[in-house]
Each structure stands twice: as C-alpha cells, then as structure tokens.
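Single-structure report; data block below.
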Amino acid sequence: MNHPHATSATPEAATVSGSEATPHPPGTPAADGTTLAAPAATSITLAVTPPAELHRLLSARLGAAARAWLDQALDEAAAHPGAHGPISVWELRLAEAGRRCGAAHADAARVLILHTARADTQALTRVYHQGTADERRAVLHALPHLVPGPEARPLVEDALRTNDTRLVAAAVGPYCARHLDAHAWRHAVLKCLFTGVPVDRVADLARRARGDGELARMLGDYADERTAAGRPVPEDLHRVHTLALTPAAASTPSHTTDDPHGKES
C-alpha cells in the first residue's frame, strides 16, 4: 500500500476542554458543538469521565444563569427518574440544553441529566429514536455510564449506519469496544475510515485491532480499491493496518463478545 496524505475530515471528540479557571460563557459554541474550549489545555472525554467530575468541570465553565438551569434540571431528574408519562420532565430538559447552556456545553449537560435520571435502556432507546441528532449523540456518550450489558448495542449499530460523522464518532466509544463482536467492530473501524472520522475516536483500538488478520485483510482490500481508483489512502488506514499485522500478546485475555479473534457473527 502507498502512503499518501490523509483525508481531511476530522470531527472533534466529545470532550470538556480547557482551564477550570476560565469560565466559558453559555451560548458560545465550539467548532462543532461538542467541546468546551478554553485557552489552557486540559481535556476529558464524556464517555469515560465520572459524572461527578464532569459536573464539577461543567459547572466551572457555565455562567450563573446556565448553572442555575443545570442544577434545577438535575434536581428534577433526581426527583423523577425513569419514565413518567409519555415524556418525563428530564426529557424536556434534554431538548432545552443547547439553548440554556450553549452548544459547546450541551452534550455534557445532557449526559449529566441522563445519568441523574438513571435512564435505563428502554428510556435511552426512546430518547435516541425520538430526539434530535444532538440528543442521540448524548445518549451514545452516556451508554458506558448507564448500561453495563449489551442491551443498548442496537443504538450503536444504528448510529454506525448513518453518515453523520459526529454520531459515528460517539458510537465508537467505550460501549462499542466492550460490546460489539469482532465482525461488527471491524465494520465500525471501516466506517470511520469511509466517513473520515479519525481512528483516535475508536476506544480500545490498539487492543482490539492488534493481531486481527481479518481486519488486516479488509483494510488491505479497501486500500487497494482506493489506489486503483486513483484516490488517496487515509493515513489512519495504514496505522490500523500496522496494528492488525502486529502479533497479539500471548497474555491477552480472551473475551466472549469483543475478542477480535472470536467467531464472526
């Protein structure tokens, strides 16, 4: 395979970034609405940051009015968790988060509301299918905090069928790494390459890709197709292909659902 320039699409990760000493006023969006930006560089990922820590970091960046709204929304979610009637009060707050907290803060606010409401798989599925793309993305970020088992896998699979790069980037987080089987996970990696989502967004990439001969074959075929068509091969593809050709460590434990050497589904 040749090593031409990488493709240019680089959707940002869903993170809270910046210095705690620098509040970020509500209503000031980041480039794609998924980060909280500030001059000093510290960054955390919504899907893996403990909710208490996420709440602390978000509160430090919100203005007084937005912070008061968030506290009220979380109090309501705690008082009325789960589903109450056709639409629960906390679901209404999910829809308001962008307007109340600003696009740069809305993902984090929604994850906190979902967590405080203790949304189960049924509630998350309802929010995902009835909500906007922003709300769907928040559900995907919240999955590792709320669903320990594979029950919410259909939501990840649905997101991976879209061409919305921000949904795809959210879908390949820790929940995907834990619960997609080898066949589905390989196609998730390819989806990132097809759509220009950086493979840095793929949680646990090194462990799952290493020594995966079938993934190496799929990547090689894709690279050959692009080369034959006179199109550049993404640099990320070379990176994952190298991982897939690297023998897996002998001590790597086996897994029932996410082992790259398991049976195809």
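From a predicted model like this one, the values you see are computed outputs, not experimental measurements.
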Answer yes or no: is there a donor N or O on one side and an acceptor on the other, between the side chain of [X] and the main chain of [Y], under 3.5 Å?
X      : Y      : value
Lys191 : Thr162 : yes
Arg226 : Pro232 : yes
His179 : Pro174 : no
Arg136 : Tyr128 : yes

Please list, chain by chain and in numerical order, all residues satisfying salt bridge (Lys or Arg N to Asp or Glu O under 4.0 Å) with [X], sequence neighbours excluded.
X      : value
Asp158 : Arg161
Arg67  : none
Asp164 : none
Asp71  : none

- pair Thr116-His55: side-chain heavy atoms closer than 4.5 Å: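 Not touching, per the 4.5 Å side-chain cut-off.
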- Query: Do the non-hydrogen side-chain atoms of His241 and His238 ever get within less than 4.5 Å of each other?
  - Reply: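 No, side chains not in contact.
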Could you grab the distance from atom [atom1] of [X] to atom [atom2] of [Y], nearest 0.5 Å is fine?
X      : Y      : atom1 : atom2 : result
Leu160 : Cys192 : CG    : SG    : 7.5 Å
Thr125 : Glu151 : OG1   : CD    : 10.0 Å
Asp204 : Trp185 : CG    : CH2   : 8.0 Å
Tyr175 : Leu180 : OH    : CG    : 9.0 Å
His145 : His115 : NE2   : NE2   : 7.0 Å
Asp181 : His187 : CG    : NE2   : 10.0 Å

- Message: Going by the rule ring pair (Phe, Tyr, Trp, His ring centres under 6.0 Å), which residues pair with His129 if we only count those two or more places apart in sequence or in a different chain?
- Response: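 In terms of ring pair (Phe, Tyr, Trp, His ring centres under 6.0 Å), with neighbours along the sequence ignored, His129 is linked to no residue.
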- Item | Pairs involving residues 199-230, ordered by first then second residue, that meet ring pair (Phe, Tyr, Trp, His ring centres under 6.0 Å) (sequence neighbours left out) |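 Ring pair (Phe, Tyr, Trp, His ring centres under 6.0 Å) check on residues 199-230 returns Phe194-Tyr222.
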- Item | Salt-bridge criterion met for Asp236 and Arg201 (N-O under 4.0 Å) |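 Salt bridge absent between Asp236 and Arg201.
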- Message: Any salt bridge linking Asp200 with Arg239? Criterion: basic side-chain nitrogen under 4.0 Å from a carboxylate oxygen.
- Response: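 Answer for the salt bridge query: yes.
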- Query: Only one of Val111, Leu146, Leu94, Leu155 clears side-chain contact (heavy atoms from CB on, under 4.5 Å) with Val139; which?
  - Reply: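 The single option meeting the side-chain contact (heavy atoms from CB on, under 4.5 Å) with Val139 is Leu155.
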- Task: State yes or no: do Val156 and Val199 share one hydrophobic cluster built from I, L, V, M, F, W and Y residues joined by side-chain heavy-atom distances below 4.5 Å, directly or via other members?
- Result: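 Both belong to a single hydrophobic cluster.
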